[in-house]
Amino acid sequence: MEVAEAIRSRRSIRRFTEQPVPREILNALVSSAVLAPTASNLQAWRFIIVDDPAIVRKINMFSPGMSGGPTAIIVICSDYGYAESKKAGKHYKEYGCIMDASMAAENLMLSAVDHGLGTCAIKSYTEKAVRKILFLPETLHLELLITVGYPDGEPRSITRKPFEDIVRYNSWESEA
């Protein structure tokens, strides 16, 4: 699949079939994620692939934004301890980590489209509960949950604002 086609067809999927995603594919998604840009090549993101149905259900209980019965969740964390050991400043921890995690997530989600999978980025969760379920050490900061699975049905179409409403050249005062 061409990248442009993956970008056009990617949607947030909120209904999944019960068919499990093979670990080889889940590994391929994370392999795509780690090819994303990362500030100063720090690579402070860490990934937890959750494919145990019992653990997926537990996380779902504490994630109001999650729905549709995904068969896997890829958890993206930032390793603040590692970042500090590399002398990354406060600015990196506050902004660079979420930026790196977000770019990794987009690579992962576009790769999922190529594999015929659906995904949804989830930021609404009870952090304390999810941390406990995953046994996260204090140095790992929970950034995003990405639900993964085979879509159940066609995603709804989306509309975007007109190009001329959101883009200007050289300054906001210019014409589109």
Participant: Can you tell me how far the CD atom of Glu173 sits from the CZ atom of Arg168, to the nearest 0.5 Å?
Facilitator: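 Reported value, rounded in 0.5 Å steps: 9.0 Å.
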Participant: To the nearest 0.5 angstrom, please state how far the CG atom of Asp79 sits from the OG atom of Ser85.
Facilitator: 7.5 Å
Participant: Determine yes or no for a side-chain-to-main-chain donor-acceptor pair under 3.5 angstrom, with Arg131 supplying the side chain and Pro137 the backbone.
Facilitator: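 Between the backbone of Pro137 and the side chain of Arg131 there is a qualifying donor-acceptor contact (under 3.5 Å).
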Participant: Looking only at heavy atoms, what is the nearest atom pair of Val130 and Ser63, with distance?
Facilitator: CG2-OG, 4.3 Å
Participant: Which pair of heavy atoms, one from Phe16 and one from Thr119, lies closest together, and at what distance?
Facilitator: CE2-N, 4.4 Å
Participant: Which other residues belong to the hydrophobic cluster containing Leu35, where Ile, Leu, Val, Met, Phe, Trp and Tyr are joined when side-chain heavy atoms lie under 4.5 Å apart, directly or via other members?
Facilitator: none
Participant: Can you confirm whether Lys123 is buried at NZ, in the sense that more than 12 heavy atoms of other residues, nucleotides or ligands lie under 6.0 Å from that atom?
Facilitator: yes
Participant: When rounded to the nearest 0.5 angstrom, what distance separates OG1 in Thr17 from CG in Asp152?
Facilitator: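 Interatomic distance, Thr17 OG1 to Asp152 CG, rounded to 0.5 Å: 6.5 Å.
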Participant: To which residues is Met99 joined in a hydrophobic cluster, defined by side-chain heavy-atom contacts under 4.5 Å among Ile, Leu, Val, Met, Phe, Trp and Tyr, whether direct or through other members?
Facilitator: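 Result for Met99 is Met103.
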Participant: Can you name the nearest heavy-atom pair linking Pro37 to Asp100, along with the distance?
Facilitator: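 Taking every non-hydrogen atom into account, O-OD1, 4.1 Å.
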Participant: Do the side chain of Ser111 and the main chain of Leu29 share a donor and acceptor less than 3.5 angstrom apart?
Facilitator: no
Participant: From Ile146 CD1 over to Leu108 CG, what is the distance, rounded to the nearest 0.5 angstrom?
Facilitator: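 So the gap between those two atoms works out to 6.0 Å.
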Participant: Can you see whether Asn107 engages Ser32 through a side-chain donor-acceptor pair at a distance of less than 3.5 angstrom?
Facilitator: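 No, no side-chain donor-acceptor pair sits under 3.5 Å.
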Participant: Roughly how far, to the nearest 0.5 Å, is CG of Leu26 from OG of Ser31?
Facilitator: 11.0 Å
Participant: For residues Cys97 and Glu143, report the shortest heavy-atom separation together with the two atoms involved.
Facilitator: CB-OE2, 3.5 Å
Participant: Can you get from Ile76 to Leu140 by hopping between Ile, Leu, Val, Met, Phe, Trp and Tyr side chains that sit under 4.5 Å apart?
Facilitator: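 No, no single cluster joins them.
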Participant: What's the shortest heavy-atom distance between His115 and Ala28, and which atoms?
Facilitator: NE2-CB, 4.0 Å
Participant: Looking at residues at least two apart in the chain, or sitting in another chain, which of them share a ring pair (Phe, Tyr, Trp, His ring centres under 6.0 Å) with Tyr82?
Facilitator: none
Participant: Among Leu134, Leu144, Ile49, find the one that has a side-chain contact (heavy atoms from CB on, under 4.5 Å) with Val75.
Facilitator: Leu134
Participant: So which atom in Ala104 and which in Phe47 form the shortest heavy-atom distance, rounded to 0.1 Å?
Facilitator: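 It is CB-CZ, 4.1 Å.
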Participant: Using a 4.5 Å cut-off on heavy atoms from C-beta on, say whether the side chain of Ile73 contacts that of Met66.
Facilitator: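 The answer is yes, as the side chains (C-beta and beyond) meet within the 4.5 Å cut-off.
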Participant: With clusters defined by side-chain heavy atoms of hydrophobic residues (ILVMFWY) lying less than 4.5 Å apart, directly or transitively, does Leu142 cluster with Ile98?
Facilitator: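 No, Ile98 does not connect to Leu142 through the hydrophobic network.
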Participant: Under 3.5 Å, side-chain donor or acceptor atoms of residues 50-62 against the rest of the protein: list the pairs with distances, not counting sequence neighbours.
Facilitator:
{"residue": "Asp51", "atom": "OD1", "partner": "Arg23", "partner atom": "NH2", "Å": "3.0"}
{"residue": "Asp51", "atom": "OD2", "partner": "Arg23", "partner atom": "NE", "Å": "2.7"}
{"residue": "Asp51", "atom": "OD2", "partner": "Arg23", "partner atom": "NH2", "Å": "3.4"}
{"residue": "Asp52", "atom": "OD1", "partner": "Ala54", "partner atom": "N", "Å": "2.8"}

Participant: Tell me whether Ile48 is reachable from Val34 by hopping between hydrophobic residues (I, L, V, M, F, W, Y) whose side-chain heavy atoms are closer than 4.5 Å.
Facilitator: no
Participant: Under a 4.5 Å side-chain heavy-atom rule over Ile, Leu, Val, Met, Phe, Trp and Tyr, are Ile74 and Met109 clustered together?
Facilitator: yes
Participant: Sequence neighbours left out, what passes side chain to side chain contact (heavy atoms under 4.5 Å, CB included) with Pro64? Give chain and number order.
Facilitator: Ser124
Participant: Going by ring pair (Phe, Tyr, Trp, His ring centres under 6.0 Å), name the residues that satisfy it together with His141, two or more places apart in sequence or in a different chain.
Facilitator: Tyr80
